[in-house]
Amino acid sequence: QVQLVESGGGLVQPGGSLRLSCAASGSIFSIDAMNWYRQAPGKERELVAAITSGGSTNYADSVKGRFTISRDNAKNTVYLQMNSLKSEDTAVYYCNAKIRTTWYTKVMDYWGKGTLVTVSS
C-alpha cells in the first residue's frame with residue numbers, strides 16, 4: 001500500500017507564506033511526477049504545480065512567481081512554498097503522485113487526503 005500525507009496547511013493573512021509538505025510512504029519502487037492540486041469551495045479541482053522526477057517544474061498561471069514546488073527524492077517528499085498568498089488561494093490542497101510499486105507494474109495515481117489553506121485577515 002502507498003500513502004500520501006500532506007501537512008503544513010492553516011490560516012494565514014493575505015501576503016503571508018506557507019509551506020506544504022507531502023510525504024509518500026509504503027511499497028514504492030519509483031515515483032514519477034509529483035503534483036499539487038487545489039479545490040476551492042464550489043470549484044473544480046485544478047492543477048497548481050507539477051514537478052518531474054528530474055526536477056522540471058510547471059505552474060498554473062495564477063501562482064507563477066508566487067509558488068515554488070520542489071522535491072526530495074531521497075525522502076519521497078514534495079513541497080510547495082507559497083508566498084504572497086491571496087484570498088483566492090484559499091482551498092484544500094491535495095498532493096498527487098505517479099507511483100510504480102514494483103518494476104513490472106504500471107504507474108498509478110495516488111492522492112493524499114488534502115490540507116486546508118485559508119487566506120484571510
Side-chain angles (χ1 to χ4, degrees):
Q1 279 190 337
V2 173
Q3 282 190 320
L4 299 182
V5 179
E6 302 103 334
S7 61
L11 174 64
V12 63
Q13 291 187 341
S17 298
L18 279 176
R19 189 191 194 210
L20 305 183
S21 299
C22 171
S25 62
S27 180
I28 297 172
F29 176 76
S30 64
I31 303 178
D32 293 350
M34 300 186 82
N35 310 305
W36 286 99
Y37 286 77
R38 69 185 180 188
Q39 187 166 18
K43 295 189 177 182
E44 293 187 352
R45 190 175 296 189
E46 63 172 349
L47 178 64
V48 174
I51 185 167
T52 68
S53 58
S56 297
T57 60
N58 192 33
Y59 298 93
D61 287 342
S62 59
V63 306
K64 280 181 182 176
R66 300 188 297 121
F67 290 10
T68 302
I69 188 171
S70 60
R71 64 191 281 175
D72 184 333
N73 290 331
K75 296 181 178 179
N76 290 337
T77 299
V78 62
Y79 306 96
L80 186 67
Q81 178 67 43
M82 305 185 295
N83 299 328
S84 302
L85 282 161
K86 306 175 181 180
S87 58
E88 50 262 45
D89 294 318
T90 295
V92 177
Y93 284 71
Y94 296 91
C95 175
N96 165 258
K98 317 289 186 181
I99 296 174
R100 193 185 306 269
T101 54
T102 69
W103 67 268
Y104 55 85
T105 53
K106 63 180 180 180
V107 172
M108 294 182 66
D109 269 318
Y110 291 89
W111 292 87
K113 294 183 178 180
T115 185
L116 178 63
V117 172
T118 303
V119 184
S120 175
S121 55

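Heavy-atom basis, side chains included; hydrogens, waters and symmetry copies ignored.
Environment of CD in Glu88: crowded, with over 12 heavy atoms of neighbouring residues, nucleotides or ligands closer than 6.0 Å. A 6.0 Å sphere centred on CD of Gln3 holds no more than 12 heavy atoms belonging to other residues, nucleotides or ligands.
Arg100 places a side-chain N or O within 3.5 Å of a backbone atom of Thr105 that can act as its donor or acceptor partner. Side chain of Thr90 to backbone of Val119: a donor-acceptor contact under 3.5 angstrom is found.
Each of Thr115, Val92, Val63 was evaluated against Arg38; a single residue qualifies, Val63, per the side chain to side chain contact (heavy atoms under 4.5 Å, CB included) test. The residue from Tyr94, Trp111, Tyr93 that alone fulfils the ring-ring contact (aromatic ring centres under 6.0 Å, His included) condition with Tyr37 is Trp111.
Looking at heavy atoms from C-beta onward, Met108 lies out of side-chain contact with Thr101 at the 4.5 angstrom threshold. Counting only heavy atoms from C-beta outward, the side chains of Leu18 and Phe67 never approach each other to under 4.5 Å. Counting heavy atoms from C-beta on, the side chains of Met34 and Thr77 never come closer than 4.5 Å. Side-chain contact between Ile99 and Phe29 is absent, with no heavy atoms from C-beta onward closer than 4.5 Å. Side-chain atoms of Ile28 and Val2, non-hydrogen and from C-beta on, do get closer than 4.5 Å to each other. Between Thr68 and Tyr79, every side-chain heavy-atom pair lies at or beyond the 4.5 Å cut-off. Proximity of Ser21 to Lys75: side-chain heavy atoms (C-beta onward) are nowhere separated by under 4.5 Å. Side-chain contact between Leu11 and Ser120 is present, with heavy atoms from C-beta onward closer than 4.5 Å.
Considering all non-hydrogen atoms of both residues, Met82 and Val117 come closest at CE-CG2, 3.9 Å. Taking each heavy atom of Leu80 and Ala49 in turn, the nearest pair found is CD1-CB, 4.0 Å. What you find for Asn35 and Lys98 is that their closest heavy atoms are ND2-CE, 3.8 Å. Between Arg71 and Asp32, the closest heavy-atom pair is NH1-O, 2.7 Å. Considering every non-hydrogen atom in both Ala60 and Leu47, the closest pair reads CB-O, 3.5 Å. In plain terms, the two heavy atoms of Val78 and Cys95 that are nearest each other are CG1-SG, 3.8 Å.
In the model, Ser17 has a side-chain atom that pairs as donor or acceptor with a side-chain atom of Asn83 under 3.5 Å.
Of the charged side-chain nitrogens involved, none lies within less than 4.0 Å of a carboxylate oxygen, so that Lys86 and Asp89 do not count as a salt-bridged pair. In summary, Glu6 and Lys113 do not engage in a salt bridge, as defined by a charged side-chain N under 4.0 Å from a carboxylate O.
Tyr110 and Val107 fall into different hydrophobic clusters, defined by Ile, Leu, Val, Met, Phe, Trp and Tyr side-chain heavy atoms under 4.5 Å apart, directly or through other members.
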Requested in this report: May I have the step-by-step check of side chain to side chain contact (heavy atoms under 4.5 Å, CB included) for Asn73 and Ile31, ending in yes or no?
Outcome: CA-CA 8 Å; Asn73 290 331; Ile31 303 178; over 6 Å; no

